[in-house]
Amino acid sequence: MKPDRRALIAASAVTIIAEQGPRALTHRAIDQSLELPAGSTSYYFRTRESLLEATALHIVHRSRSTFGELRERPSDPAALTAEYLDDLLSHRRHELIARYALLVESPRDSALHQLLEGSLFSLEKARPVFETAGVGDPDVSTANFLSLLEGLIFDYCLGSRSRDPHSSETVRQLRIPIDIYLRGVGVI
């Protein structure tokens with residue numbers, strides 16, 4: 001089956017943004033990186049905004065797909081979450097970097113910014129874990145949990161821990177603060 005050209009363009013956009021920054025993303029840059037005839041990317045995405053939206057949706061779809069696959073395995077919430085973060089760091093680093101770059105570049109109230117905010121973690125999908133456990137204020141506990149995850153991802157991707165080589169120990173290290181938080185609020 002021939003790969004979907006729109007998906008290839010969005011994946012190429014992620015790579016360009018991650019390696020060269022958001023300002024390097026042009027229709028022409030994608031045409032060149034994919035060795036497409038000039039104007040091909042513009043045929044699929046007429047404006048820069050539509051190209052950026054496709055890039056963000058690519059990240060969202062990959063996140064949902066990966067998390068869905070991990071959820072099929074029997075696992076406790078701390079282990080599942082640590083495995084998901086490890087997957088982001090080991091297989092989707094360009095997506096993380098592109099997401100951060102686009103979050104910084106886009107106006108806070110824009111549709112793109114809002115799409116990117118929820119592209120890795122979902123309040124709606126995480127809240128039932130806290131509700132089922134009978135946590136006092138599941139909305140606040142869920143938001144705090146996602147903030148913890150965002151901080152861990154940033155630190156391992158671009159922060160002080162980004163220099164540490166990725167290893168099998170990473171999942172264990174990621175799980176420690178996740179486990180502590182989930183135990184602290186009474187989920188596990």
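Treat the numbers as computed from the prediction; the structure is a model and nothing was measured.
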Please enumerate all residues that pass ring pair (Phe, Tyr, Trp, His ring centres under 6.0 Å) together with Phe67, with sequence neighbours excluded. Tyr84
Looking at Val171 and Ala82, what are the two nearest heavy atoms and their distance? O-CB, 3.8 Å
Interatomic spacing from CD1 in Ile17 to CG in Leu52 - rounded to 0.5 Å: 6.0 Å
Would you verify whether the NZ or CZ of Arg5 falls within 45 degrees of the ring axis of Tyr44 while also being under 6.0 Å from that six-membered ring's centre? no
Please name the pair of heavy atoms, one in Ile16 and one in Ser33, separated by the smallest distance, quoted to 0.1 Å. CD1-OG, 4.0 Å
For a 4.5 angstrom cut-off between non-hydrogen side-chain atoms, does Leu120 reach Ile59? yes
Closest contact, heavy atoms only, Ala78 versus Leu182: N-CD1, 3.7 Å
Considering residues at least two apart in sequence or located in another chain, which fulfil the salt bridge (charged side-chain N to carboxylate O under 4.0 Å, His left out) criterion with Arg48? none
Same cluster for Leu25 and Tyr43 if Ile/Leu/Val/Met/Phe/Trp/Tyr side chains link at under 4.5 Å? yes
Joint cluster assignment, Ile188 & Val129, ILVMFWY side-chain distance < 4.5 Å: yes
First locate atom CG of Leu115, then atom OG of Ser110, and finally report the distance between them rounded to the nearest 0.5 Å. 9.5 Å
Closest non-hydrogen contact found for Val135 with Val185 is CG2-O, 3.5 Å
Can you name the side-chain hydrogen bond (donor to acceptor under 3.5 Å, both in side chains) partners of Arg163, sequence neighbours left out? none
What residues form a ring pair (Phe, Tyr, Trp, His ring centres under 6.0 Å) with Tyr156, not counting sequence neighbours? none
For the SG atom of Cys157 and the CG atom of Leu89, what is their distance to the nearest 0.5 Å? 6.5 Å
Non-neighbouring partners of Arg183 that pass side-chain hydrogen bond (donor to acceptor under 3.5 Å, both in side chains), sequence neighbours left out: Asp179
Should we count CD of Glu35 as having more than 12 external heavy atoms under 6.0 Å? no
How would you list, by chain and number, every residue that makes a salt bridge (charged side-chain N to carboxylate O under 4.0 Å, His left out) with Arg23, sequence neighbours excluded? Glu105
Can you find a heavy atom in the side chain of Glu53 that is under 4.5 Å from one in the side chain of Phe45? no
Considering only heavy atoms from C-beta outward, does the side chain of His113 approach that of Leu103 to under 4.5 Å? yes
Answer with yes or no whether the side chains of Thr41 and Asp31 bring together a donor and an acceptor at under 3.5 Å. yes
Is Ser90 reaching over with its side chain to a backbone N or O of Asp86, donor-acceptor style, under 3.5 angstrom? yes
How far apart are the C-alpha atoms of Leu8 and Asp4, what are their side-chain angles, what is the distance that settles it, and do they pass the side chain to side chain contact (heavy atoms under 4.5 Å, CB included) test? CA-CA 6 Å; Leu8 289 173; Asp4 176 36; over 6 Å; no
For the atom pair OG (Ser162) and CG (Leu96), what is the distance rounded to the nearest 0.5 Å? 12.0 Å
Contacts of type side-chain contact (heavy atoms from CB on, under 4.5 Å), residue Ala79, not counting sequence neighbours: Ser75, Asp76, Glu83, Arg175
Can a donor-acceptor pair be found, under 3.5 Å and without considering hydrogens, that links the side chain of Ser141 to the backbone of Asp137? yes
If the condition is side-chain hydrogen bond (donor to acceptor under 3.5 Å, both in side chains), which residues does Asp87 pass it with, not counting sequence neighbours? none
Can you find a side-chain donor-acceptor pair between Thr15 and Ser12 that sits under 3.5 Å? no
Look at atom CZ of Arg64 and say whether more than 12 heavy atoms of other residues, nucleotides or ligands are closer to it than 6.0 Å. yes
Rounded distance [0.5 Å steps], OG in Ser50 versus CZ in Arg6: 8.5 Å
Could you work out, with salt bridge (charged side-chain N to carboxylate O under 4.0 Å, His left out) as the rule, every residue matching Asp139, not counting sequence neighbours? Arg127
Using the rule that Ile, Leu, Val, Met, Phe, Trp and Tyr join whenever any side-chain heavy atoms are under 4.5 Å apart, tell me whether Ile153 and Leu70 fall into a single cluster. yes
Spell out, as yes or no, whether a donor-acceptor pair under 3.5 Å connects the side chain of Ser40 to the backbone of Pro37. yes
My understanding is that only residues two or more places apart in sequence, or in another chain, count here; which of them pass side-chain hydrogen bond (donor to acceptor under 3.5 Å, both in side chains) with Ser119? Arg99
Which residues share a ring pair (Phe, Tyr, Trp, His ring centres under 6.0 Å) with Tyr181, sequence neighbours left out: Phe145
Are a donor atom and an acceptor atom from the side chains of Ser160 and Asp155 found within less than 3.5 Å of each other? yes
Looking only at heavy atoms, the pair that brings Ala24 and Ala29 closest together is O-CB, 3.6 Å
Glu95 vs Leu88, test: side chain to side chain contact (heavy atoms under 4.5 Å, CB included). Steps then yes/no. CA-CA 8 Å; Glu95 290 175 32; Leu88 285 169; 5.6 Å; no
So, taking the atom named CD in Glu169 and the one named CG in Leu174, what distance separates them when rounded to the nearest 0.5 Å? 10.0 Å
Closest non-hydrogen atoms of Arg92 and Ser63, given as atom of the first, atom of the second and distance, are NH2-OG, 2.8 Å
Check the hydrophobic clustering (I, L, V, M, F, W, Y; side-chain heavy atoms under 4.5 Å; chains of links allowed) and say if Leu51 and Leu34 are grouped together. yes
Any residue meeting side-chain contact (heavy atoms from CB on, under 4.5 Å) with Phe154, in chain and number order, not counting sequence neighbours: Tyr100, Leu158
Is a donor on one side and an acceptor on the other found under 3.5 Å between the side chain of Thr142 and the backbone of Pro138? yes
Please answer: with hydrophobic residues joined when any side-chain heavy atoms are less than 4.5 Å apart, are Val187 and Leu80 in the same cluster? yes
